[in-house]
Novice: 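Before I ask anything, here is the structure I am working with.
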Amino acid sequence: MKGNEALAEAAIRAGCRFFFGYPITPQTELAAYMAKRMPKEGGVYLQAESEIAAINMVYGASAAGKRAMTSSSSPGISLKGEGISYMAGADLPGVIINVQRGGPGLGGIQPSQSDYFQATRATGHGDFHLIVLAPSTVQEMTDYVFRAFDLADEYRTPVMILADGMLGQMMEPVVLPEPKTEFPAKPWAVTGHKGQRTHNIVNSLHLKPERLEETNVERYQRYDRIKATEQLAEEYRVEDAEIVVVAFGASSRIVRSAVNKAREKGIKAGLIRPITLWPFPADAISAATDRAKAILTVEMNMGQMVDDVRLVVCGRVPVEFFGRAGGIIPTPAETLAVIERIAASLEGGAR
Amino acid sequence: MKGNEALAEAAIRAGCRFFFGYPITPQTELAAYMAKRMPKEGGVYLQAESEIAAINMVYGASAAGKRAMTSSSSPGISLKGEGISYMAGADLPGVIINVQRGGPGLGGIQPSQSDYFQATRATGHGDFHLIVLAPSTVQEMTDYVFRAFDLADEYRTPVMILADGMLGQMMEPVVLPEPKTEFPAKPWAVTGHKGQRTHNIVNSLHLKPERLEETNVERYQRYDRIKATEQLAEEYRVEDAEIVVVAFGASSRIVRSAVNKAREKGIKAGLIRPITLWPFPADAISAATDRAKAILTVEMNMGQMVDDVRLVVCGRVPVEFFGRAGGIIPTPAETLAVIERIAASLEGGAR
Amino acid sequence: MAASLNMLLAGFGGQGILFAGKLIAYAGLIEGRELSWLPSYGPEMRGGTANCSVCLSDEPIGSPLVLEPDVLVAMNQPSLDKFIDSVVPGGKVIIDSTMCQRLPERDDVDIFPVPATQLAEDNGLKGLASVILIGKLLREIGFCDPRTLDEAIVKSVPPKKAHLLPKNRKAFEIGMLNEDGESVPVCSLPEDWSVE
Amino acid sequence: MAASLNMLLAGFGGQGILFAGKLIAYAGLIEGRELSWLPSYGPEMRGGTANCSVCLSDEPIGSPLVLEPDVLVAMNQPSLDKFIDSVVPGGKVIIDSTMCQRLPERDDVDIFPVPATQLAEDNGLKGLASVILIGKLLREIGFCDPRTLDEAIVKSVPPKKAHLLPKNRKAFEIGMLNEDGESVPVCSLPEDWSVE
Amino acid sequence: MPRIIVDGRYCKGCGLCVDVCPSKCIVLDPDTITDKGYHPAMLTDESLCTGCASCAIMCPDVAITVER
Amino acid sequence: MPRIIVDGRYCKGCGLCVDVCPSKCIVLDPDTITDKGYHPAMLTDESLCTGCASCAIMCPDVAITVER
Amino acid sequence: MSKIVFERPHSLTDAQFSYCPGCTHGIVHRLVAETMDELGIEGTTVGVAPVGCSVLAYEFFGCDMVQAAHGRAPAVATALKRALPENVVFAYQGDGDLASIGMAETVHAATRGEKITIIFINNAIYGMTGGQLAPTSLPDQVTQTSPYGRDVNEAGFPIRVVEMLSTLDGVALAQRVTVDTPKNVRAAKRAIKKAFEYQVEGVGYTIIEVVSTCPTNWGLSPVDALQWLRDNMLPYYPPGVYKDVKADGFANVAEAAAARALELAGGGEV
Amino acid sequence: MSKIVFERPHSLTDAQFSYCPGCTHGIVHRLVAETMDELGIEGTTVGVAPVGCSVLAYEFFGCDMVQAAHGRAPAVATALKRALPENVVFAYQGDGDLASIGMAETVHAATRGEKITIIFINNAIYGMTGGQLAPTSLPDQVTQTSPYGRDVNEAGFPIRVVEMLSTLDGVALAQRVTVDTPKNVRAAKRAIKKAFEYQVEGVGYTIIEVVSTCPTNWGLSPVDALQWLRDNMLPYYPPGVYKDVKADGFANVAEAAAARALELAGGGEV
Ligand SMILES: Cc1ncc(C[n+]2csc(CCOP(=O)(O)OP(=O)(O)O)c2C)c(N)n1
Ligand SMILES: Cc1ncc(C[n+]2csc(CCOP(=O)(O)OP(=O)(O)O)c2C)c(N)n1
Ligand code: SF4
Ligand code: SF4
Ligand code: SF4
Ligand code: SF4
Ligand code: SF4
Ligand code: SF4
Ligand SMILES: [Mg+2]
Ligand SMILES: [Mg+2]
């Protein structure tokens, strides 16, 4: 099963019955899959007139209390910025998939991780965050989209799956989750009050700044809870690692190979793979920093997550960055070379 | 002269003859001013059908080699994300004004600084930056928009003026610059080749990832030059400051008052006011950190620039944050209280 | 009078509050002071209250948003009720008493009720109550040379509306009248506010 | 044969490269191995070259993008020219010799030219040259039990196109034929690739 | 007896009712100023009101109740 | 003598020229494969070509030059 | 005993409208509320408030409400209706919202034949933001951003929305009304009610354009604004039924579209 | 001596088109290039390439070129023309680009009467991204995202673009052509040339819709695709001149609009 299809099937099993998309490479298979399956599930597949319409349809379906999703790739995600900010402002759950490609501008269509900042810092205007999950295998594409819907409902926040063209296009074996049948109640949803309650309002406007600040503060308290409880990271050979490599998604796979090769050469390398990019797994990285001599961040961009790593490491050990941009996937060999260089300089320093 | 009008008049004097806008509070006066003045200057004022159309018009006019500008406020800036990314990808100059208001979503219309991340990290998808200038007086609104056009042309990059509703709406005395009459040549512009050169192409698409990476790397080299030469910050009573407050734009005015009051109370406080938010004035802040015991960042948001401050301070001294959100302007009194609290804790720590 | 003066003018939209504030700011400009003028803005103006903050100072102005005014000019009851408590002790409060039935009870501020709307209507100066209040304000705290304010009026009335200039001047004069109905020819300005 | 096998299949769009790659991946799945299949994608496919990376391994697969293949299946000259240098020493290169006039000159890899397109046309199997090459590949490196690959074919041909199943099998068989034209009934699988 | 009741909380003194009333029996009350600063509409002469509801139909603030 | 010249760098063997030629004097050359893998169009019989340019007008890759 | 013959409809909340004195937004609000009352659908209706002066409509209508991003009300309403097919969904939009930034969403909801009702307030101006040029501002109309009057050579021509949308197959009812007189208000009410009824019957997309005033930004008294509307707006935007598939004898838009396709195919070149 | 009667136009570069074999994009490219040659405007023309299969058009046309974001070509072209009023500006757009994501920009450039020329390739599909439903895909048409055929009740009705745009006052020329036969190719050429000429004369906004094929995503051979076009597309999208203000006797769109406004005002209710 292709990664894109796995995302789609898992969403359906998570109870998503509303998909609003707009074609863009490299995520088209997702929409195609939805178009095939949704009618059979009694769900709605609707190709919107644009990415903007699509995210606003997610906003609408979510306001009605439904599990809804949209998916796109980098330029299309930029167009959704306003809508995502509205969802955050109105505390609406929903899942947004970004199968990243190289940028900026029209860029290219090859895999990239250059929307990290956009996903974790500023998907749109205003103070807000998304929960951002970064799968690294097709199996995880399945698992995390499933999880994303639950997180979205629990915290009333949009959740983003940050994937890339490689993960979207590749096939790997995958075990699908059992379809979800029980869903949380949404008393805030607009479904018609039937004369039985006061009218519900879904809204992000607060003309009084005091009121707007209150909503911001309440939201950031929720974010604090998310930070406290939802950080996720995978550690690989980190226990005794002197060089800890931090990488997520597609690039973490390359780093894993490079770490293995480094170990073969006697270099104590390890990998921390952030799974939640927001909340950033600061705890895991901080703990590893205590034992490490150097940190290396590997990304498929010009250096973005490395800022978050630096914020956690806070000067305790050197933090280096290695990245490839424009849709190029770094090779294990060149990554290994960087690790070796760092190892050599550490030794040099020790002498 | 209102801040918004000062922005407009200065742009005209900087040679901007193409303004594409879409109404939004609190920047409407800017467009109104342009609508009045442009026809008299032989320029084009065009109210676009949307913020998206407006930024793409800037893209078009800039491609033709003209000085062009658009202006909006937070939600409208989100909509421009894709277009701005395209401008960056196509190396097109241009000036974008963001007169910020509270978010997320429709939020409110009162002054805010909650688009800092969006401006400095991810105005759109992909690896790129804008030069971001943050005025704090109406005079600076004038000066920086003038400067913005020059920077944009020099580095072939879009430049953003990050203002806010307070600066846009307020009146202060202002000295206007002399109109600019000499402009750099733009041999890359599409003006019709007249059979005298090969055709020019303005484009951000590079299907070959190697080629796309090259353009990214070249652009980041330009960014390095910008970082090296264009950092701007104002220092106020920083020489001997133990508590350095970092604040930009509107909030820096409040901090200045608070610093004065703190000094009156015998607290050695100082202010660093980043003028370029990107490139972030790391050098100035780093130097001040060497002498300081604590850093406080004051923003009209839930905490954004504080990340950049932390990245510079890198654990050397504690960095605290104080902010008001939703369109509330912090008061000098409450800011002073925070400074006093920090001063007290420093003394406590010293004992 | 302090070297720094923070004023808040508040009323209904349409009462001329913003214009009145601009007059003060303009006067400051003419006298070469630091100044700022900041209106409330946005759709809540509609049918609601409008207000503006004006700061005059000898030093660069920090926050242009006046939260604790030295001077409050209140043109309606809701505005008066809303802002009266924020006036600093010793501050001055100019009130359009036509629009405000209930006067405030604070005794640590100086309160000057003027039936400005009534006066305006009586004198055929509809819509210029705010200018009357500015006259009163100047009389009471003399934030500038009256000739400067006159100049500000001249410059602020747009050429197209030149016919309104005499009316504005008249309104200003009415405000400047002292209790016995006598116009104050020269304002006794505090030292640090005098010009030339 | 290593426990990890990285293959690159390349040709024109429409030659069945992606399908062939899927067959290999499917076989890996049936035999319970770790596997990945990654196509080149996007508009450059159009009229250009298409390729896919297939990895089979006993361990989790790192990069699914094969840059230094153990096996190259090349179905046209541009692809062959483009990728031949990246094949690891000792690697295997299966070439559709109908489509590639110039064979590579490397002598540190094993080269197996098969006139697959010609064979397909001769046998009424238009469009199945790629399956012939998979047969040849299996014969040469036995990456799985031939019965598994047969099963993979059965599962990969969609029910709607069931009539194409015999043709696919035939193509596979032709590829598996050894030089003397004799079908290889059981493939001598290397130890670490055998099943059950 | 037809009459109208103007709700002062809603009325903004726009005068549309005044303009439309065929019996010309509504005016804006010059002596009252509402909380929002408007002179509200008032029925001048109950006997003139026909209860035609024209005023209410035009009232943008739905401030008028008509009895008949 | 009317004839057409097919530029093999451009021709993608789409067959539109073959279909449209009123004289039926174009075929896709089964013995040639272009660099991109196409069988390019070729004029079978120069004497049949009228130089009507129908083929060129329909050619989506502007591969045909017509002489007359 | 006197009885009440006219009062605030139940489907309006008690909140005071945020509109300027004399603004016709209020009249149209009342008509929509009365329609909900009369059809008994307040409890099953979900309304969409736009960005514009009517952004606060969510405080005024008694039904469940969603505030939508500027111009995106049709997309939001589409999803609401898809999610709640048994409910009634309407969106209330201004001319800037509907015809400028939201033009793509408008055209597409219409061509999809979404079973929603659009109440379109055409006041030839951006009211909320202080009076800028709208897509429907008249030639030579002075606005904040056309200070010398709308120059059609620079700012282009006004869009006649219902005329344009009437060319789309998904549209069941496209009608223009106004509210300058009690008679026209009554007609507007009938149109709005018809639109809601069509929606309930599933006929297709329905839109009622209400030619409206903006006394504040036109700089006119409410009474004068209505006169300006009569003198200037109505000639350019003539009220009328521009499309009504039921009146044309079809049960719904699909039937009407099929008939049209047949006709076109037969008709050959235009 | 034989002479060349047909060859590659000068305004095409030497680059090979990136289009699939038999794709009509190539034919239309040639017609545009020939038009530039014949009018002698290659050196003063700026073209706008869209996002779609023709995204690489900037490599094929010899004039200066700008690549625009998906759907935004009309906005980019608008600004180019405003910046370079003496130049000729055209945008080349597909149906997804022009009629879906770019609908607002399309309608507004048209209603503004921008003096630009739009070449609109209607192939009833998203070619570039692999064959998804387009706003112009026919009822029941099977695409990647309408695997069971376009269900008009779910996915809505196809948009007839030139018909819709013809209702707008800024449009000088709106014509639909096709390129399935040499005769029709010649007619298409005449239409394109006329559009460019109108632009040069400053008549107004011009758009030529070219009913086109996408053999690849229709899953048909190039020859069969042309037949499918004749059988299915042309009946739904009849070629013809939908608006031509000069043919109607006006010098430009402003004149035509003024006449129309007068007529409407006189005509009263529709
Ligand atoms: C994305 C975005 N752009 C612009 C605005 C600012 N804005 C608020 S209301 C409005 C237009 C209002 O005009 P209209 O739709 O005609 O409604 P009216 O106020 O006239 O009823 C605009 C542009 C916004 N809130 N969001
Ligand atoms: C913002 C954005 N959304 C989506 C895409 C992906 N995309 C590329 S081409 C295309 C549509 C192409 O269809 P059409 O305009 O009909 O042109 P054709 O390829 O059929 O000629 C899309 C959706 C994109 N590049 N950018
Ligand atoms: S129409 Fe309504 S709001 Fe206007 S004056 Fe009459 S009662 Fe008051
Ligand atoms: S009900 Fe009729 S007569 Fe009575 S006040 Fe209203 S409009 Fe006048
Ligand atoms: S010019 Fe005419 S006759 Fe000659 S090959 Fe072409 S189509 Fe055939
Ligand atoms: S039409 Fe052109 S591309 Fe097609 S086969 Fe003929 S020459 Fe080749
Ligand atoms: S600004 Fe205009 S449209 Fe808005 S409420 Fe006031 S009068 Fe009505
Ligand atoms: S995908 Fe379709 S439209 Fe695109 S080049 Fe191929 S045939 Fe032409
Ligand atoms: Mg409006
Ligand atoms: Mg298309």
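Computed from a prediction, not measured in an experiment: that's the story for all the values here. Residue numbers start from 1 in every chain, and the chains themselves are labelled A, B, ... in the order their sequence lines are given, proteins ahead of strands.
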Novice: Please step through side chain to side chain contact (heavy atoms under 4.5 Å, CB included) for the pair H:Met164 and G:Val107, ending with a clear verdict.
Specialist: CA-CA 10 Å; H:Met164 189 183 87; G:Val107 168; 4.0 Å; yes
Novice: Measuring heavy-atom distances to chain G, does H:Glu105 have an atom under 4.5 Å in its side chain, in its backbone, in both, or in neither?
Specialist: neither
Novice: Might you work through the side chain to side chain contact (heavy atoms under 4.5 Å, CB included) test for H:Asp169 and G:Arg160, ending with a clear yes or no?
Specialist: CA-CA 9 Å; H:Asp169 281 346; G:Arg160 296 183 180 90; 3.1 Å; yes
Novice: Select, from H:Ala155, H:Ser100, H:Gly102, H:Pro139, the one with the greatest count of heavy-atom pairs under 4.5 Å involving chain G.
Specialist: H:Ser100
Novice: Nearest heavy-atom pair of G:Pro238 and H:Leu264: which atoms, and what distance?
Specialist: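 What the structure gives for the nearest pair is CG-CD2, 3.9 Å.
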Novice: Applying the side chain to side chain contact (heavy atoms under 4.5 Å, CB included) test to G:Phe157, which of H:Val253, H:Val171, H:Leu168 qualifies?
Specialist: H:Val253
Novice: How close do H:Asn153 and G:Ala254 get, counting heavy atoms only, and between which atoms?
Specialist: OD1-CB, 4.0 Å
Novice: How close do H:Thr111 and G:Pro158 get, heavy atom to heavy atom, and via which atoms?
Specialist: OG1-O, 3.9 Å
Novice: Check H:Thr167 against G:Glu163 and note the closest heavy-atom contact, atom names and distance.
Specialist: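 That closest heavy-atom pairing would be CG2-O, 4.2 Å.
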Novice: Looking at H:Lys115, H:Arg176, H:Arg260, which one has more heavy-atom pairs under 4.5 Å with chain G than the rest?
Specialist: H:Arg260
Novice: Give the minimum heavy-atom separation between H:Ala99 and G:His108, together with the two atoms involved.
Specialist: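 Taking H:Ala99 first and G:His108 second, the nearest heavy atoms are O-NE2, 2.7 Å.
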